[in-house]
Engineer: 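Okay, here's the structure, questions in a sec.
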Amino acid sequence: MEPSRNYPLFGGAFSSILPPGAIDVSDLRPVPDNQEVFCHPVTDQSLIVELLEFQAHVLGEAAARYHFEDVGGVQGARAVQVESVQPLNLENLALRGYCQEAWVLSGKQQVAKENQQVAKDVTLNLALLRLPQYQTDLLLTFSQPPPDNRPSLGPGNVPPPPWNLGDFEQLVTSLALHDPNIFGPQ
C-alpha cells in the first residue's frame with residue numbers, strides 16, 4: 001500500500017501530507033484554480049483545499065459556520081447541521097507563522113449527487129485557517145458520504161482503508177506555505 005506523502009499544492013506554492021491512495025481529481029476532470037481536490041480510490045471520500053477571499057465581516061467561530069453554510073449552498077444541501085466548532089491550536093500548524101486564527105468544524109449536510117433525487121447525509125469536517133495579511137481564508141474540507149455497497153476489488157487488489165480524522169488532521173497540520181507570491185502583490 002502506498003504511504004502518506006508530501007504533495008505540492010497550487011503549483012508548489014503550498015505542500016501538505018496526503019493520505020494513502022489520494023487521487024488528484026484534476027487528473028480526471030477540471031478543478032477551479034483556487035482548489036486542490038483529492039478523492040479516495042474506493043470510497044466517495046474527498047479532501048479539498050481552497051483559497052478563498054478573506055471574509056472580514058465574520059469573526060471567530062462565526063467564520064467557520066459561514067464557510068460551512070456557504071459550502072452547503074454551493075452543493076445545494078437540503079439541510080445543514082453544525083455538530084461542533086472548536087479553535088485549532090496554532091502551535092500545531094506548519095502555517096503557524098502566517099495563520100492568525102484557525103477553527104475546526106464538524107457537521108452534516110443533506111446532499112444529492114449530480115443527477116440523483118435522493119439526498120444523503122454527508123459528514124463534513126472543515127478546517128478554516130485565516131490569513132488576513134493575504135486577504136485569504138484557507139478552507140480544508142474532508143467529505144465523508146455514507147458508504148455505498150460497491151463490490152470489493154478482486155483478490156490481491158487491496159484498496160487503502162477509508163480515510164479517517166487522523167488523515168485529515170495530518171493534511172491540516174502539515175499544510176505549509178512555500179511561495180507567498182501566490183497571493184499576489186502585497
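Position 1 is the first residue of the sequence; numbering continues from there.
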Engineer: To the nearest 0.5 Å, what is the distance between CG on Asn125 and CG on Asn164?
Structural biologist: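 Result: 10.5 Å between the selected atoms.
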Engineer: Can you hop from Phe10 to Val31 via hydrophobic side chains spaced under 4.5 Å?
Structural biologist: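 Result: no, two separate clusters.
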Engineer: So which of Leu59, Val58, Leu52 actually passes side chain to side chain contact (heavy atoms under 4.5 Å, CB included) with Gln55?
Structural biologist: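 Running side chain to side chain contact (heavy atoms under 4.5 Å, CB included) over Leu59, Val58, Leu52 with Gln55 returns exactly one hit, Val58.
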Engineer: Can you check whether Ile23 reaches Phe38 side chain to side chain, under 4.5 Å on heavy atoms?
Structural biologist: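 No; the side chains remain at least 4.5 Å from each other.
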Engineer: Do Ser15 and His178 make a side-chain contact, defined as non-hydrogen atoms from C-beta onward lying under 4.5 Å apart?
Structural biologist: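 Yes. Closest side-chain heavy atoms under 4.5 Å.
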Engineer: Are Leu175 and Val104 connected, step by step, through hydrophobic side chains (Ile, Leu, Val, Met, Phe, Trp, Tyr) whose heavy atoms are closer than 4.5 Å?
Structural biologist: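 Yes, it is one cluster - the side chains of Leu175 and Val104 are joined through contacts under 4.5 Å.
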Engineer: Using 0.5 Å steps for rounding, measure from the CG atom of Leu93 to the CG atom of Leu95.
Structural biologist: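 These two atoms lie 6.5 Å from each other.
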Engineer: Looking at every heavy atom in both Tyr98 and Gln133, which two are closest together, and how far apart are they?
Structural biologist: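 Taking Tyr98 first and Gln133 second, the nearest heavy atoms are O-NE2, 2.6 Å.
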Engineer: For Ile17, does its backbone N or O pair with a side-chain atom of Ser174 as donor and acceptor, under 3.5 Å?
Structural biologist: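 Side chain of Ser174 to backbone of Ile17, a donor-acceptor pair under 3.5 Å: yes, one is there.
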Engineer: To the nearest 0.5 angstrom, please state how far the CG atom of Leu128 sits from the OG1 atom of Thr141.
Structural biologist: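 Output value for this atom pair is 9.5 Å.
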Engineer: Specify the closest pair of heavy atoms between Leu9 and Ser16, including all atoms of both residues, with the distance to one decimal.
Structural biologist: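 Heavy atoms only, the tightest pair is CD1-CB, 3.8 Å.
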Engineer: Quick check on the hydrophobic clustering: are Leu165 and Trp163 connected, directly or via other members, by side-chain heavy-atom contacts under 4.5 Å?
Structural biologist: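 Per the 4.5 Å side-chain linkage, Leu165 and Trp163 are co-clustered.
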Engineer: Quick check for you: to the nearest 0.5 Å, what is the distance between Leu105 atom CG and Leu88 atom CG?
Structural biologist: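 If I round to the nearest 0.5 Å, the distance is 12.0 Å.
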Engineer: Would you name the heavy atoms of Cys99 and Leu90 that are closest together and state the gap between them?
Structural biologist: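 That would be O-CD1, 3.5 Å.
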Engineer: Return the minimal non-hydrogen interatomic distance between Ile182 and Leu51, and the atom names on each side.
Structural biologist: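 Taking every non-hydrogen atom into account, CD1-CD1, 3.8 Å.
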Engineer: Following the transitive rule for hydrophobic clusters with a side-chain heavy-atom cut-off under 4.5 Å over Ile, Leu, Val, Met, Phe, Trp and Tyr, establish whether Leu126 and Phe54 coincide in one cluster.
Structural biologist: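 The answer is no; the residues belong to distinct hydrophobic clusters.
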Engineer: Could you state the interatomic distance from CG (Leu129) to CG (Leu177), rounded to the nearest 0.5 Å?
Structural biologist: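 CG of Leu177 is found 11.5 Å from CG of Leu129.
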Engineer: I need the full list of salt bridge (Lys or Arg N to Asp or Glu O under 4.0 Å) pairs touching residues 86-105, with sequence neighbours left out, sorted by first then second residue.
Structural biologist: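 Passing the test, one end in residues 86-105: Glu101-Arg130.
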Engineer: Has the side chain of Glu69 got a donor or acceptor atom that lies under 3.5 Å from a matching backbone atom of Tyr66?
Structural biologist: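 Checking the backbone N and O of Tyr66 against the side chain of Glu69, no donor-acceptor pair under 3.5 Å is found.
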Engineer: Quick one: pull up CG in Leu140 and CD in Glu36 and give me the separation to the nearest 0.5 Å.
Structural biologist: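 So the CG of Leu140 and the CD of Glu36 are separated by 11.0 Å.
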Engineer: Is Glu83 reaching over with its side chain to a backbone N or O of Thr123, donor-acceptor style, under 3.5 angstrom?
Structural biologist: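 No; judged by distance alone, with no hydrogens or angles, the pair does not exist.
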Engineer: Of all heavy-atom pairs between Glu53 and Asp137, which one has the smallest distance, and what is that distance?
Structural biologist: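 Residues Glu53 and Asp137, closest heavy atoms: O-OD2, 3.8 Å.
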Engineer: Return the minimal non-hydrogen interatomic distance between Val122 and Ser143, and the atom names on each side.
Structural biologist: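 Smallest interatomic distance, heavy atoms only, reads CG1-OG, 3.3 Å.
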Engineer: Would you mind reporting whether Leu47 and Phe142 have side-chain heavy atoms less than 4.5 Å apart?
Structural biologist: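 Counting from C-beta outward, Phe142 and Leu47 do come under 4.5 Å.
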Engineer: Could you go through Trp103 and Arg65, starting from their C-alpha distance and side-chain angles, then the distance that decides it, and tell me whether this counts as side-chain contact (heavy atoms from CB on, under 4.5 Å)?
Structural biologist: CA-CA 10 Å; Trp103 296 89; Arg65 291 177 182 274; over 6 Å; no
Engineer: Under the side-chain contact (heavy atoms from CB on, under 4.5 Å) criterion, do Leu139 and Val71 qualify, and how do the steps go?
Structural biologist: CA-CA 10 Å; Leu139 187 67; Val71 167; 3.9 Å; yes
Engineer: With under 30° as parallel and over 60° as perpendicular, where do the rings of Phe183 and Phe14 fit, or are they tilted in between?
Structural biologist: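 Perpendicular, since the angle between the ring planes exceeds 60°.
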Engineer: Determine whether more than 12 heavy atoms belonging to other residues, nucleotides or ligands lie under 6.0 Å from atom CD of Glu169.
Structural biologist: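 Atom CD in Glu169 is not packed in, count stays at 12 or less.
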Engineer: For atom CG of Asp33, decide whether the heavy atoms of other residues, nucleotides or ligands shown that lie under 6.0 angstrom number more than 12.
Structural biologist: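 It does not: Asp33 CG has 12 such atoms or fewer within range.
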Engineer: Do Val25 and Tyr7 sit in the same hydrophobic cluster, where Ile, Leu, Val, Met, Phe, Trp and Tyr count as joined when their side-chain heavy atoms come under 4.5 Å apart?
Structural biologist: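 Different hydrophobic clusters.
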